[in-house]
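Notes to accompany the following structure.
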Amino acid sequence: MHTWRFALAALAALCLSACLPVTTAWPVGSSIQYPVNDTTIAGSWTGKIENDPSGATYYFHIVANDTDTGFTLVGMKQIQGDAAASWETYKLNTARLGSHRYFNARLISINGLATTADKAKLNIPLLYKLTGDTLTISVLDETKTAAAIRDKKIKGPVVRAQFGSDVVIDDKDVDAYLAKDEGAQLFTKFMELTRPKGASPAPAHTRSRRTYSKKQEED
Amino acid sequence: MKVFPAALALAATLVLSACFPPTTSSPVGTTAGIKPDAALIGTWKGTSEDGKPSYFHFMLQSDGSIAALLVESGPKAEDWNYVTLTTAKLGASRFMNARMLLGNGKPEGGDMDAQPAGTVPVLYRLDAKGTMTLFMMDEPATKAAIRAGKIKGEIEKGEMGDAVITAAPPALDKFLQSPAGLALFIKPFFTLHKID
């Protein structure tokens, strides 16, 4: 069973069935020959997860990679009154599919320690909307995704595990599906982030010099 | 000597000579007792002298050290660093002993298991309004103090050579409580305000 920390674990904790985040075998955006990373999301964001019993405050710092291959997300979880805090880093790319914008996130490290190779390969798709200084992030709903797989709208295994199901989208046409409104509707809002006071958004998009595929192992 | 990347020295960028900050071979505060300063724990925000906003997240570790995440913010954010530090109070002065572990995710010195030698002493002041001001040792002043025999240390050859204070803990702590020692911390390199 995967043990996802941080905001995604917080999400898991909120799921009644102790469900796990849905991942994809193919990175979201891998069908785009010349991907463009959305630099308007760069910078710092802060927020809480709705109904999170810990009341933790999250800081997400989206930092451009010097190789122009997307971003590193440095995420920090802080609980007031609790000196201990935790942090994680993710490799983050963005993709615009149809009228929808997505992150593809891959876990890099937890509290400064590199994650395992198998976890580092997993792609976490996230739908995002940027409205002014508000960034809304949604994750794939496990129940809806499992239903879409069973209805053959998208391919992937739905594995029975000890605690609910483990859903993975394994479909190289995942981008085409997520470009549709039907694909975007599989996502459920889990977090709304705002710019801290005084922060300002980035202006332009940058074109990535690199493409990536399922098999390509990037940094 | 070890190279301190980007910004623990958001500072290194501010040093006029473009060298790396002076270090000490022993941590500051050994004679007084090295204890984590609870006042640091949490999230701080500040702006460097080149105008880039940054967040400093200080996290207490189980071994009594403090881990710090230093992350640039804003539209041109490119750097983040992971630092380990200890804190001590010498007289009325508070010090951090800092070591860079990761620069943009890459281990300092190329190997996470090979800890960089020495620590960077940082003098920090907290005022009644909750503002924290950070100072590092001024390199030319530190080299002058070493050359004048005021404190034991080594200076690498060349104009850009690094300075390492090698004085034993008792001598080091005594010096940094003196006016001559405190005078080495000339210019603040960061001013932060606690936000969480």
Side-chain angles (χ1 to χ4, degrees), chain A residues 38-48 55-68 71-92 107-115 120 195-206 219, chain B residues 5-7 35-47 51-84 87 99-108 111-113 115 192-196:
Chain A
D38 180 5
T39 58
T40 62
I41 56 151
S44 298
W45 301 89
T46 186
K48 293 176 185 276
T57 297
Y58 293 87
Y59 292 90
F60 285 3
H61 303 288
I62 299 176
V63 181
N65 290 336
D66 55 9
T67 54
D68 194 28
F71 307 95
T72 295
L73 167 65
V74 182
M76 166 84 187
K77 174 184 178 182
Q78 189 170 317
I79 299 172
Q80 196 157 32
D82 183 352
S86 57
W87 62 285
E88 297 176 353
T89 59
Y90 292 81
K91 178 170 165 40
L92 200 71
L107 181 65
I108 300 171
S109 69
I110 298 172
N111 293 332
L113 299 175
T115 188
R195 293 279 188 192
K197 280 184 184 177
S200 56
H205 287 62
T206 58
D219 54 6
Chain B
K35 297 170 195 170
D37 185 349
L40 285 179
I41 306 303
T43 296
W44 301 72
K45 186 184 173 191
T47 304
K52 280 189 177 178
S54 289
Y55 286 81
F56 284 45
H57 300 281
F58 293 97
M59 301 167 276
L60 184 63
Q61 305 299 287
S62 57
D63 64 356
S65 67
I66 295 172
L69 265 181
L70 284 51
V71 190
E72 279 184 355
S73 186
K76 295 181 181 177
E78 289 179 325
D79 290 325
W80 65 276
N81 296 278
Y82 178 45
V83 172
T84 182
T87 55
R99 274 186 194 162
M100 182 88 73
L101 294 180
L102 295 174
N104 290 337
K106 294 183 173 57
E108 171 65 6
D111 184 347
M112 267 297 272
D113 292 328
Q115 296 289 314
L192 301 163
H193 304 276
K194 198 165 189 188
I195 60 172
D196 198 355

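Per chain, numbering begins at 1; letters A, B, ... match sequence-line order. Just so it is clear, the model here is predicted, and its values are computed rather than measured.
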Self-check item: Beyond-backbone contact of A:His61 with B:Trp80, side-chain heavy atoms, under 4.5 angstrom
Solution: no
Quiz item: If we only count heavy atoms from C-beta on, is the B:Ile195 to A:Tyr59 side-chain gap below 4.5 Å?
Solution: yes
Self-check item: All side chain to side chain donor-acceptor pair (under 3.5 Å) counterparts of A:Thr46, not counting sequence neighbours
Solution: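 Per chain and number, A:Thr46 pairs via side chain to side chain donor-acceptor pair (under 3.5 Å) with no residue.
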Between [X] and [Y], what is the shortest heavy-atom contact and its length?
| X | Y | answer |
| --- | --- | --- |
| B:Gly42 | A:Gln78 | CA-NE2, 3.6 Å |
| A:Gly112 | B:Leu102 | O-CD1, 4.0 Å |
| A:Asn111 | B:Tyr82 | O-OH, 3.9 Å |
| B:Glu72 | A:Val63 | O-CG2, 4.3 Å |

Exercise. Please flag which part of A:Ser109 lies under 4.5 Å from any non-hydrogen atom of chain B: side chain, backbone, both or neither.
Key: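 For A:Ser109, no heavy atom lies under 4.5 Å from chain B.
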Exercise. Measure the spacing between CH2 of A:Trp87 and NE2 of B:His57 and express it to the nearest 0.5 Å.
Key: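 Between atom CH2 of A:Trp87 and atom NE2 of B:His57 there are 10.5 Å.
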Exercise. Name the region of B:Thr43, side chain, backbone, both or neither, that has any atom closer than 4.5 Å to a heavy atom of chain A.
Key: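 Both parts, backbone and side chain.
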